[in-house]
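Remarks on the structure that follows.
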Amino acid sequence: MNIIKRAMTSITRKPGKTVILLILVFVLGNVIAGAISIRQAVGGTESILRTKMAPVVTIELDSKKVLALQERNPDFSRTSLSVEIIEKLGALPYVKNFDYSIGTTLESRDLKRFGRQTYGAALLTTFRFQGVNDPEIIDLKEGKIKLVSGRVFSKQEISDMSYVALISQNVATINNISVGSKMEFENNISYADSEGNSCLVNLQNFVFEVIGIYEPVKQVRISNYGYEDMSWMDEDMENKVYAPNKALYEINEYSYNEYLRLTGWDYREAIEFTPLFTLKDPLELDTFIEDTAALIPDYFEVTSFTDDFKKVAAPLKSIQDITALVLYVAIAATIIILGLLTTLFLRDRRHEIGTYLAMGERKFRIAAQIGLEVAVVAVIAITLSLFSGYILSGNLSERMLLNQIAAEQAQPEDFSMSTGGGFPWGKIELETRGYQFEISSDDILQSYEVSLDLLTILLFYCVGLSTIGISVLIPIFYMIRLNPKRILM
């Protein structure tokens, strides 16, 4: 009789033991199937959510590290983030667009802001300028603004000392400005003299020509960082003035030299280019952050929405950790319990095994027969447990996810994410420009789905059969390695 017929005969001859083995593997298989299904669902959900995350990165000064370095070494002098490093990062293959800018504020006696008015010294209206190095403007290429009339900058205007600008449609309307109009601004500094009196000094006057008018793309603002009213971000985009970096750099340098002359305070190191990188694929964000951190000085930090994403996805991480523990425990329990049960069953069959050995049957064939017996029952049991485990895991994991989300939302907000222990200014700047983190708990629930795809099925069979194989091979080889005389005694 060949080993297949012997195996089938052994399975049907003692149905009680076969049923016990079937039930045991079925129960443990449900646990393993559920854990694997949930882990695959969590991984798939995280991938879906990452594709929704804004793949944008900026770099800002880590003032906390700078202060620590200065305390340890009074002669420490930091360097600025070089344009060469920024352009090297921008040349990486997974970067879609990048630019670097310098900002400044100028004041006007004639122009009005859109929305709520903000004033500088002597009730001069303040406007924030954002420098650009990319003539096509990264905010325009990324769809955060759209050009209504006029044009973008030319390469010559970017490289030369050109006082040209783009303003928003609303600012143009309330000030009766069109393409070709001139706008007058003042560069003023205010400071306290040695006696504590407030002084205002007008440094320079500038006339910018409007070459283009843009309109911010409407953003769905999510209340964040403790602010209930997010309309100030929209107003900031409306009142922003785009201008070439070179012109703004010269304005800032002149201002800081005057501060040094008037007060003795050297602010020139504050002239920093702030880069912005957008990636082709959000899934490459972590890789880009690692590459960036390796190239920039220690006292700069990479700012992105990765930490925010991890916070929102924390319920998924909790479930993944729980299911990992359950999976490992289930595998260990299967190996131990099934190993002991197989050993017990083989002890009852020791005379049968001894007879085979005494008749000259090869040990390999005996091991194959016993393994086949267990495999037939195990395949039936884990196939049944695959479907039942999938159903149970779907219902259970969804309730677990709801509980984890509720627990995360119950925790108080922590706004100490920035280096100075206050608000995360880098992220606020990104969100002001329209590069928002928009993943919510509802997005998690909508994206989460336990499914039986091919990968999950193959993984389950691989883990299940491997676990069963390990658990039964040890007692099988232990039994057949014994001397036939010793077994038959």
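Keep in mind the model is a prediction, meaning the values are calculated, not measured. Just so it is clear, the values below take in all heavy atoms, side chains as well, and ignore hydrogens, waters and symmetry mates.
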So the salt bridge (charged side-chain N to carboxylate O under 4.0 Å, His left out) pairs with at least one residue in residues 371-389 (sequence neighbours excluded) are R349-E373
Among all residues two or more places apart in sequence or in another chain, which pass the ring pair (Phe, Tyr, Trp, His ring centres under 6.0 Å) test with [X]?
| X | answer |
| --- | --- |
| F300 | none |
| Y100 | F273 |
| Y242 | Y214 |

Could you give the distance from [atom1] ([X]) to [atom2] ([Y]), rounded to the nearest 0.5 Å?
| X | Y | atom1 | atom2 | answer |
| --- | --- | --- | --- | --- |
| L392 | I38 | CG | CD1 | 9.5 Å |
| M8 | Q369 | CE | CD | 9.5 Å |
| Q130 | I137 | CD | CD1 | 9.0 Å |
| I145 | E215 | CD1 | CD | 10.5 Å |
| F460 | Q40 | CZ | CD | 12.5 Å |
| E301 | T292 | CD | OG1 | 12.5 Å |

Could you check whether any side-chain heavy atom of [X] comes within less than 4.5 Å of a side-chain heavy atom of [Y], counting everything from C-beta outward?
| X | Y | result |
| --- | --- | --- |
| N239 | V171 | yes |
| R433 | D236 | no |
| V57 | L430 | no |
| V302 | E60 | no |
| Q320 | R39 | yes |
| V463 | L459 | yes |
| V83 | E87 | yes |
| N170 | E238 | yes |

Over all atoms of both residues, closest heavy-atom pair of [X] and [Y]:
| X | Y | value |
| --- | --- | --- |
| T105 | R128 | CG2-CA, 4.3 Å |
| P275 | T58 | O-OG1, 2.6 Å |
| K155 | P135 | CG-CG, 3.9 Å |
| S471 | I468 | OG-O, 2.7 Å |

Test side chain to side chain contact (heavy atoms under 4.5 Å, CB included), reference L166, set V148, I213, L147, output is L147
Item checked: Candidate pair L325 and D321, rule side-chain contact (heavy atoms from CB on, under 4.5 Å), full reasoning -> CA-CA 6 Å; L325 178 61; D321 292 341; over 6 Å; no
Can I get a per-line list of side-chain donor-acceptor pairs under 3.5 Å for residues 326-342, giving both atom names and the distance, sequence neighbours left out?
unit_1: T334; atom_1: OG1; unit_2: A330; atom_2: O; d: 2.7
unit_1: T342; atom_1: OG1; unit_2: L338; atom_2: O; d: 2.7

For the pair [X] (side chain) and [Y] (backbone), establish whether a donor and an acceptor sit closer than 3.5 Å, ignoring hydrogens and angles.
| X | Y | value |
| --- | --- | --- |
| T12 | T9 | yes |
| T104 | F129 | no |
| D99 | D134 | yes |

I'd like to check the salt bridge (Lys or Arg N to Asp or Glu O under 4.0 Å) partners of [X]; sequence neighbours left out, ordered by chain and number.
| X | answer |
| --- | --- |
| E136 | none |
| D286 | R50 |
| D298 | none |
| K280 | none |

Check: Run the side-chain contact (heavy atoms from CB on, under 4.5 Å) check on L285 and L279 step by step: do they pass?
Finding: CA-CA 7 Å; L285 188 57; L279 308 187; 3.8 Å; yes
How are the rings of F277 and F98 set relative to one another: parallel (under 30°), tilted (30 to 60°) or perpendicular (over 60°)?
parallel
*Audit row: I296, I85, side-chain contact (heavy atoms from CB on, under 4.5 Å) steps and yes/no*: CA-CA 7 Å; I296 63 177; I85 291 179; 4.2 Å; yes
Task: Partner residues of N97 under the side-chain contact (heavy atoms from CB on, under 4.5 Å) criterion, sequence neighbours left out - done: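 Expected list: I138, K141, E142, T278.
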Do any side-chain atoms of residues 16-25 form donor-acceptor pairs under 3.5 angstrom with protein atoms, and if so which ones, sequence neighbours left out?
unit_1: K17; atom_1: NZ; unit_2: D348; atom_2: OD2; d: 3.1
unit_1: T18; atom_1: OG1; unit_2: I11; atom_2: O; d: 2.8
unit_1: T18; atom_1: OG1; unit_2: K14; atom_2: O; d: 3.2

- Item | Worked verdict on N245 versus S101 for side-chain contact (heavy atoms from CB on, under 4.5 Å) | CA-CA 6 Å; N245 269 335; S101 64; 4.0 Å; yes
Could you list the donor-acceptor pairs under 3.5 angstrom formed between side-chain atoms of residues 380-391 and any protein atom two or more places apart in sequence or on another chain?
unit_1: T383; atom_1: OG1; unit_2: V379; atom_2: O; d: 2.6
unit_1: T383; atom_1: OG1; unit_2: Y461; atom_2: OH; d: 2.7
unit_1: S385; atom_1: OG; unit_2: A381; atom_2: O; d: 3.3
unit_1: S385; atom_1: OG; unit_2: I382; atom_2: O; d: 2.9
unit_1: S388; atom_1: OG; unit_2: N30; atom_2: OD1; d: 2.5
unit_1: S388; atom_1: OG; unit_2: N30; atom_2: ND2; d: 3.4
unit_1: S388; atom_1: OG; unit_2: L384; atom_2: O; d: 3.2
unit_1: S388; atom_1: OG; unit_2: S385; atom_2: O; d: 3.4

